[in-house]
Amino acid sequence: MEEKEHRKHQKKQSGPKADRKKKRKAPGAGEEEDGRRRNPKAFGVQSAVRMARTFHRAQDLQTKKHHAPQVDRSALEPPPVVIVVVGPPRVGKTTLIQCLIRNFTRQKLSDICGPVTIVSGKKRRLTFIECGNDINSMIDLAKVADLVLMLIDASFGFEMETFEFLNICQVHGFPRIMGVLTHLDFFKNNKQLRKTKKILKHRFWTEVYQGAKLFYLSGMVHSEYQKQEIRNLGRFISVMKFRPLVWQTAHPYVLADRMEDLTDPETLRINPMCDRKVCLYGYLRGTYLKNRSQVHIPGVGDFSLSDVSFLSDPCPLPDSLKKRALNERERLLYAPLSGVGGVVYDKDAVYIDLGGSHADREQEEARPTAELVQSLIGAQATIDVKMAASKVSLFTGSEPLRQGELQEEEGADEGPKEERVWDPETRRERRRAIFTEEEEGSEGEEGSEEESEEEEEDSEGEGEAGEESESEEEEGELEKQPALKRLRVEGGSEAVKEGGGIEVPAFADSEDELEKSEGEVEESEVEGESSEEEEEEEDSEGGGRKAMDSGNCSEEESEGSEVDSPLLEELGSKVKHPKHKEKALEEEEEEEPCFETAGELRWKEGLAQKASEAFLRQQRSTPNLRKLVYGTVAEESEEEESGGGELGGLFHVSRPESEKRRRADGLDCSHYTPDATRDWDQQEVLDSIRDCFVTGKWEDDKDATRLLQEDEELYGDFEDLETGELHQGDSGKQEDQAEEDESGEGEDEDGGKVKGNAEGEKQQRLDKKRRLKERFNTEYDEGDATFFDDLKGEMQRQAELNRAEFSAVDDETRVQYEGFRPGMYLRLEIQSLPCEFITNFDPNYPVILGGLGASEGNVGYLQMRLKKHRWHQRILKTRDPLILSLGWRRFQTLPLYHIEDHNGRNRLLKYTPQHMHCGATLWGPITPQGTGFLAVQSVSGTKAGFRIAATGVVLDLDKSVTVVKKLKLIGYPYKIYKNTAFIKDMFNSVLEVAKFEGAALRTVSGVRGQIKKALRAPPGAYRATFEDRLLMSDIVFLRSWFPVSVPQLYNPVTSLLLPLGEKESWTGMRTVGQLKHDLGVKVKPNKDSLYKPVVRKKRHFNPLHIPKELQRALPFKNKPKNAEKKGKVPRDLQRPAVIKEPHEKKIAALLAALGTVHNHKRKSAQARQREQHKDFLRQRQKQEMDKMKRQKEARKKMFRMIGQREKKQQKSSLKGAAQHD
Amino acid sequence: MASSCVSYEGCNFFRQRLVLSTLSGKPVKIRKIRSKDDNPGLRDFEASFIRLMDKITNGTRIEINETGTTLYFQPGLLYGGPVEHDCNLQRSIGYYLEALLALAPFMKNPLKAVLRGVTNDQKDPSVDTLKATAIPLMKRFGIDGEGLELKVLRRGMPPGGGGEVVFSCPVRRFIKPVQLTDPGKVKRIRGMASPGFGLSLIAETTNGTFLSAEMASNPPGQGTPILPEELGKNCAKLLLEEIYRGGCVDSINQSLALLYMTLGQQDVSKVLLGPLSPYTIEFLRHLRSFFQTMFKIETQKPEEDGKGGEKVLMTCVGVGYTNLSKTLK
């Protein structure tokens, strides 16, 4: 692409900005601008504490960024990224996958079953898989997902499944999650739409992480999502980075995208329910997978892989990276379970899906999945039948009967032979022939003849003749079985491979032989036919050739061949190779001591001979040593299989057998006793290890004199200041040394000092010095190498070594050393899968093969930390069945919950705590510590509420349990002496008491004591002492802890084996509650535990009886006789209680209210009246007082007048008596 | 559910089989143990070894038939902790210690084993040799710290025994991968002579490789006593032979080094060995049947004379073994 011409930046010529710039550029302005210099105080340290804090914070932030460095073990050619599309039904999952596939490959895939792999870019492939709404699928796929596309129906909002899936992801390592909102076109109101988007987004963020990507698919156009939006989504997917998840990086796993049933049709006919031999295909992910290792298939069970081989990639990345975009041919699509995939590569055959009318019909059918399964099964059967037929026709000429027998035999016993059965078309017969030859050892001619014929065909190569003839055969067979849809094409890439196989290195044939003896030839794909041919020839050539071989091979190999004489073998191995000679000697020491001397002599000659043969030996030794180590085992097992070494069916070779026995019962010792050949008294022998010591000669880069010399050259120049003498390093010496090294003489020489100090040389030296100094400086300044940096460097080196070590080795050998690499497309064969797996196969459910590490296939006790999920409604009960998802597995088990006391004791709990962590112990598969798990109560159907019951992590694995529950033993005293008491009824025998001697006791009242000694009678009674005297009514108890046993139930959830349509209805063991409910069994509870209405007993009081004497003494009114008399109100005078009607009540209430008002009025009136009255009284009193006063006055007046009058009268009488009278 | 059983015949390489079985969790069945012998079945020292295995594990199931010719061994989990064992006097402590060295890093609790019996004899590596060679080798695989120790408290010779050795080892979750390809040059030779019994010589190289040779005198009452001078001379010759073979690991510890390499993380490990001993060869086969590990075996001829014999460069990818016994806190 051409460079786009960008618009140049135009500098401002005028204005304030330009002025400022000009000013800055002006001379003498620099200092003025520099704030630090102008105002140093502003930049000075104000507070040391603050400074320290700032520094700490900076350091904290920096350290926080560090992750524990890990060796980068990611594959160079990574497997396709697994993208799981998940969401509730009818949210648009299938449509999204279809649109994405269409976006990447420009192909329309109308019907999608199982994983679909596509090439999305130059370096990336994607595998899409749709996750059903079933919790089993959700759990399985969360474990293998790299990216999750979580579809959410915006018109509805979040559904429970979404949250369940998020929680499953969280437990099993968090893969990348991307939300996709669909059904946005349902919103008519724009404001409502925006609001909903925002709410959903924030909720999504709280679940995943702040700022998690949420995509909006705004609407459908012609029942597809909008192109631009899909393209954007696709871009996001293709640049996304994925996090390595612990479980995934530590375990190999395969998401199977193709399945074949290889069971022998005959056994199938006899017993349709027999265990099936099944082949699964898929990309290996995670880490290296070893052949014959154990795998777990979630939903099926544990199996060991009987055979693994790698196939050529069915969906390879484009080769050249020059182009910017992929062309149409490179946009591959591979989805065998959906019935699409174009080219299918089997082990050594290529199938091309012809498509056509048949395929179209299949896709249009209403029930495509069932149809597909049907067709798959049908196709296999036909191939087997066909193959069997062709077999007979091919071998009728020579030995038809034997062949038939053989075929039956092979059908009956399992092993590598059966793989052949699956290989269809022409090549398979030949392979079979090789096998029979190996087995029987007598049919060499036939096989080789046939092979040579075929080879000719092959060598004619791309010639159409061969192809045609084969395709003709093919067609004939096709006519027989029209159900077969595939056509195998020879040539192409396969042919190229075969061609490559012809040019093998000289020692390769021996390697092949080894592989054959190991019974692993069959797996080899790259191995050419021609090399097999060579083997054939070798075999047919027979003994002589073998003997020659044994010369440079180990004795084991020749032992395996069983034809050679032992003597020859010994001799040969000794002459050729001292190492093997040693070995051989050890084996044969007692028998043939005479050879030792011979060997010794040989060795002395060998000193000279060795050099000449060195190259040859170097060439041969590698495969030989490998064969020595790894070859024998297979041979031995082979012998066992074939049932003893029989030669030509007549003679029995006994020697190797006996030797093996001797070896089998030999001395188990790690010492390596030396052979007595080397005489360490001899000088030349001693010379052979001269350089193993520090005193010997060193390599150039480590030689001390050499290094010293270099040092001298660098730092040799110095001037002795005292004498004024100028010393100079000698440069010529180094050159001399170099010359000597080249010539190969490694002797030290006295430094003949050459003092040619030319000017140029001095300059050179100075330059060198400067460069060294520079290097030192850079290293010193930059490399403040922390521990972290060192560690990272080390990891980096290891990663490079890992990549480089086997890169030169061809794949066939490489997989033996390191196992199958992630990214390879594998064919995995499993011997005995349950037949339900095949008969009920539904490609919509994922088939995952999860590799198991060492001893992860065992079961034991697991101790976990568990917490009831806060969204789960109910707490969990101890010993109730629970379905766990742990590691690859889903299984039902009976956990015990417990909590740790302060002293480390695990006390049993009946139920999980509501909001706290607790311990759980269960019987289950051994899984590494630190693995997360989740628990559900049932996987069948959908239950109301949140289904994930608990989550947690594995803490410990053990073979025994330490959970205890509290047990109180109760006894009663039957004899008490001071502080000693005899207690009975706590134990049943003397022995039981003896076990508890010294145990602490307590009474209900809190008196503490101790068990002392058992008593003879009654049995189980004992003497105990207490800190205080007991009462007979005391109850004595002993608090103890009783170990609880964990029920050993491990019940894998076999959901994949259920019939079609019922896969989501797996029910395992039911809880006791469920069982009782289902069977209608009523619980018979303890009567005492029942809640009853509280019935109070009627209390009866006796009449008070007063003695007569007392009665007599009582005062009259208190005499009971009188009290009785006035006591009771007679019944007729008692007023009956009046119960009012509501209406009357209302009236009464109203009347009462009125009454209250009236009363109040009355009261206030009264008060007022009383007040007035008081006033009135006061006034009257006042008037009264006044009146009294007046009367008093008046009386006073009157009495005075009277007195005066009387006085007057007296006076007058005295004078006036006379007068009166 | 239990892993498939591995089956063998004969009593040879008995320890290897039980050790690998314990590490891999695969049960092992050994048949025809000295079935043709006059005295068939397991010997006392093997029974003692089984007992030791039982002591350091939890949940091991052992079934032996009446004649003792068939053994079924279902391993438990390695437990460790303080263990005391009276070793049978037919074999020296080295016989038992070699197995403990292989198992000790993978225990639940750090192992502290007190072994009593014969410390030096003619059949097995002596405790001195193991102390001088195996312990530094373990350190190179990251099994170090103050916990790693092999202390010889008392010596005991056949037939009386009476020696006592304390072996303690820390626990590891992973084993580090190693690249030991340069043995270096011998810089010092040391030895341990126990008067009248034997001699053990150790050659140390500049790169921290320890090569050993040892020789023990005949036990009293068996054969003619050997002159000390002669014994010393022969032992020195043995050491020269060992140096001739060379490699970064001496011949008795080859299998230990290979085991740790196999059990390492999923990285490439390399180690340069001298010629493989028969014991090691069998061990490699066992490693393949228990862990499906194959080593890349390359012979290296020293580029010039004077550097001893041919060496073997062993390369493998670790299986990513994790210590399943260790408790997560």
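The sequence lines fix the lettering, A, B, ..., with proteins before strands; numbering per chain opens at 1. Just so it is clear, the structure is predicted and the values come from calculations on it, not from any experiment.
A 4.5 Å side-chain heavy-atom check between B/Arg91 and A/Cys669 finds at least one atom pair inside the cut-off. Contact annotation: the side chain of A/Tyr817 never approaches that of B/Thr293 to less than 4.5 Å [non-hydrogen atoms, C-beta and beyond]. Within the 4.5 Å cutoff, no side-chain heavy atoms of B/Val319 are placed close to those of A/Tyr288. Counting heavy atoms from C-beta on, the side chains of A/Asn291 and B/Gln292 never come closer than 4.5 Å.
Here B/Lys108 pairs with A/Asp956 in a salt bridge; the nearest charged N to carboxylate O distance falls below 4.0 Å. Contact check on A/Asp691 versus B/Lys185 returns no salt bridge, with no Lys/Arg side-chain nitrogen under 4.0 Å from an Asp/Glu carboxylate oxygen.
Contacts between A/Val954 and chain B at a heavy-atom distance below 4.5 Å involve the backbone alone (N, CA, C, O). Using a 4.5 Å cut-off between heavy atoms, A/Asp687 contacts chain B through its backbone alone, with no side-chain atom that close. The parts of A/Glu805 that come within reach of chain B are both its backbone and its side chain, each placing non-hydrogen atoms under 4.5 angstrom from that chain. For B/Ser289, no part sits under 4.5 Å from any heavy atom of chain A, backbone or side chain.
The main-chain N or O of A/Ala799 is never found under 3.5 Å from a side-chain atom of B/Asp267 such that the two would form a donor-acceptor pair. One N or O on the side chain of A/Gln798 and one on the backbone of B/Val268 form a donor-acceptor pair closer than 3.5 Å. Put simply, the side chain of A/Asp668 never gets that close to the backbone of B/Asn12: no donor and acceptor are under 3.5 Å apart.
Per-residue counts of heavy-atom pairs under 4.5 Å with chain A were compared for B/Asn253, B/Thr315, B/Leu77; the largest is that of B/Leu77. Heavy-atom pairs under 4.5 Å with chain B peak, among A/Glu818, A/His671, A/Lys290, at A/His671. Most heavy-atom pairs under 4.5 Å with chain A: of the set B/Phe295, B/Phe291, B/Tyr321, this distinction falls to B/Phe295. Listed options A/Val809, A/Leu686, A/Asp681, A/Thr927 were ranked by heavy-atom pairs under 4.5 angstrom with chain B; first place goes to A/Asp681.
The distance from the CD atom of B/Gln266 to the OG1 atom of A/Thr249 is 9.0 Å, given to the nearest 0.5 Å.
At a cut-off of 3.5 Å, with distance as the only test, a side-chain donor of B/Glu98 or A/Ser670 sits close to an acceptor on the other residue.
Taking the ring axis of A/Phe693 as reference, the NZ or CZ atom of B/Arg188 does not stay both within 45° of it and closer than 6.0 Å to the ring centre.
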